[in-house]
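See structure below.
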Amino acid sequence: MRHADHWMDKLQLDEELPSQFRLSRSKIMYIESKADGLEGPAVIGRVYFSKSGKTLYYKGLKFQSLKGAGFKANYFETETGGHYWISGPRKDQNDRLYGGNSGVQIDDDVREEYATLISGRPVPQGFSALRYLRSPGC
């Protein structure tokens with residue numbers, strides 16, 4: 001297993017959110033590890049912001065800004081120091097540095113909200129959010 005894949009293993013998927021994490025201080029974001037180079041494991045999920053907005057939290061990981069000092073990265077994970085690119089998801093789904101979204105995982109808990117966010121319209125009743133994300137014109 002590559003070093004960059006280890007961050008996915010550390011995610012605390014079933015962790016109960018602390019009371020200070022509020023939906024109002026969260027966003028759906030694109031998170032990509034830069035530990036092994038320009039393209040690494042990536043996920044689209046809900047990121048929570050600290051009260052000051054300087055620290056980001058994602059499923060047990062804590063990130064702080066590199067304040068412009070990173071190479072193709074804008075945040076570091078506080079425990080390991082690993083570099084990451086964290087940004088809002090693009091409507092054209094070309095979130096990776098050189099375009100495309102190959103291999104980007106979308107957390108189940110944000111899938112429908114993400115589909116609505118990038119398409120500008122809600123997922124129609126009876127449609128799978130995953131199928132809807134891949135449909136032309138979305």
Side-chain angles (χ1 to χ4, degrees):
M1 182 185 312
R2 297 176 334 174
H3 172 73
D5 293 332
H6 290 266
W7 78 279
M8 297 287 228
D9 295 335
K10 290 176 32 181
L11 298 180
Q12 298 170 7
L13 304 176
D14 298 329
E15 181 181 32
E16 188 84 18
L17 287 176
S19 61
Q20 69 266 27
F21 287 5
R22 296 192 173 91
L23 199 55
S24 62
R25 284 199 308 249
S26 73
K27 278 180 143 181
I28 294 176
M29 309 272 306
Y30 172 77
I31 306 164
E32 181 179 358
S33 171
K34 298 296 184 175
D36 282 345
L38 296 178
E39 288 197 6
V43 66
I44 292 174
R46 184 165 307 280
V47 171
Y48 291 86
F49 296 84
S50 66
K51 199 171 189 179
S52 68
K54 294 182 179 182
T55 304
L56 280 62
Y57 300 89
Y58 175 72
K59 296 192 176 180
L61 299 179
K62 184 174 162 182
F63 302 95
Q64 291 189 332
S65 175
L66 285 167
K67 299 178 182 168
F71 176 71
K72 307 293 183 186
N74 56 357
Y75 284 87
F76 70 95
E77 202 262 308
T78 59
E79 187 178 316
T80 65
H83 287 196
Y84 291 80
W85 178 260
I86 302 177
S87 66
R90 291 177 47 141
K91 287 191 176 197
D92 65 5
Q93 300 180 37
N94 286 314
D95 293 295
R96 291 205 177 268
L97 180 62
Y98 295 109
N101 64 352
S102 178
V104 177
Q105 296 178 2
I106 303 169
D107 287 347
D108 289 337
D109 62 327
V110 300
R111 194 175 302 277
E112 285 196 35
E113 188 179 347
Y114 171 68
T116 300
L117 179 71
I118 63 167
S119 70
R121 57 192 196 277
V123 177
Q125 190 103 19
F127 272 73
S128 151
L130 184 60
R131 185 178 305 149
Y132 190 66
L133 285 170
R134 292 182 178 153
S135 67
C138 179

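- A salt bridge does not link Lys34 to Glu39: none of the charged side-chain nitrogens sits closer than 4.0 Å to a carboxylate oxygen.
- Residues satisfying the side-chain contact (heavy atoms from CB on, under 4.5 Å) test with Ser102, not counting sequence neighbours, are none.
- Side-chain contact between Arg25 and Lys51 is present, with heavy atoms from C-beta onward closer than 4.5 Å.
- If you check the side chains of Gln64 and Thr55, you find a donor sitting under 3.5 Å from an acceptor.
- In this structure, a donor-acceptor pair under 3.5 Å is absent between the side chains of Tyr114 and Asp109.
- In this structure the side chain of Tyr58 reaches within 4.5 angstrom of the side chain of Ile31, judged on heavy atoms.
- The pair Glu32-Arg96 meets the salt-bridge criterion, since a charged nitrogen lies less than 4.0 angstrom from a carboxylate oxygen.
- In this structure, Asp95 contributes its side chain and Pro89 its backbone to no donor-acceptor pair below 3.5 Å.
- Contact check for Arg46 versus Met29: no side-chain heavy atoms found under the 4.5 Å cut-off.
- Using a 4.5 Å cut-off on side-chain heavy atoms (C-beta onward), Lys27 and Val47 make no contact.
- By the 4.5 Å heavy-atom criterion applied to side chains, Leu97 and Lys72 are counted as neighbours.
- Listed here is the closest heavy atom pair of Leu117 and Lys91: O-CE, 3.6 Å.
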Apply side-chain contact (heavy atoms from CB on, under 4.5 Å) to Leu56 and Tyr75, showing your working. CA-CA 9 Å; Leu56 280 62; Tyr75 284 87; 3.5 Å; yes

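- Looking only at side-chain heavy atoms (C-beta outward), Tyr30 and Ile86 stay at 4.5 Å or farther from each other.
- For the 3.5 Å distance criterion, the side chains of Thr80 and Glu77 qualify, holding a donor opposite an acceptor.
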Between Phe63 and Tyr57, is the ring pair (Phe, Tyr, Trp, His ring centres under 6.0 Å) condition met? List the steps. CA-CA 6 Å; Phe63 302 95; Tyr57 300 89; 8.9 Å; no

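- Rounded to the nearest 0.5 Å, atoms NZ (Lys59) and CG (Leu61) are 10.5 Å apart.
- Listed by chain and residue number, Ala73, Phe76, His83 satisfy the side-chain contact (heavy atoms from CB on, under 4.5 Å) test with Leu66 (two or more places apart in sequence, or in another chain).
- Side-chain atoms of Ile44 and Val104, non-hydrogen and from C-beta on, do get closer than 4.5 Å to each other.
- Contact detail for Ala115 and Ser119: the closest heavy-atom pair is O-OG, 2.8 Å.
- Take Ser87 and apply the side-chain hydrogen bond (donor to acceptor under 3.5 Å, both in side chains) test, not counting sequence neighbours, and it matches Trp85.
- No side-chain heavy atom of Asn94 sits under 4.5 Å from any side-chain heavy atom of Asn101.
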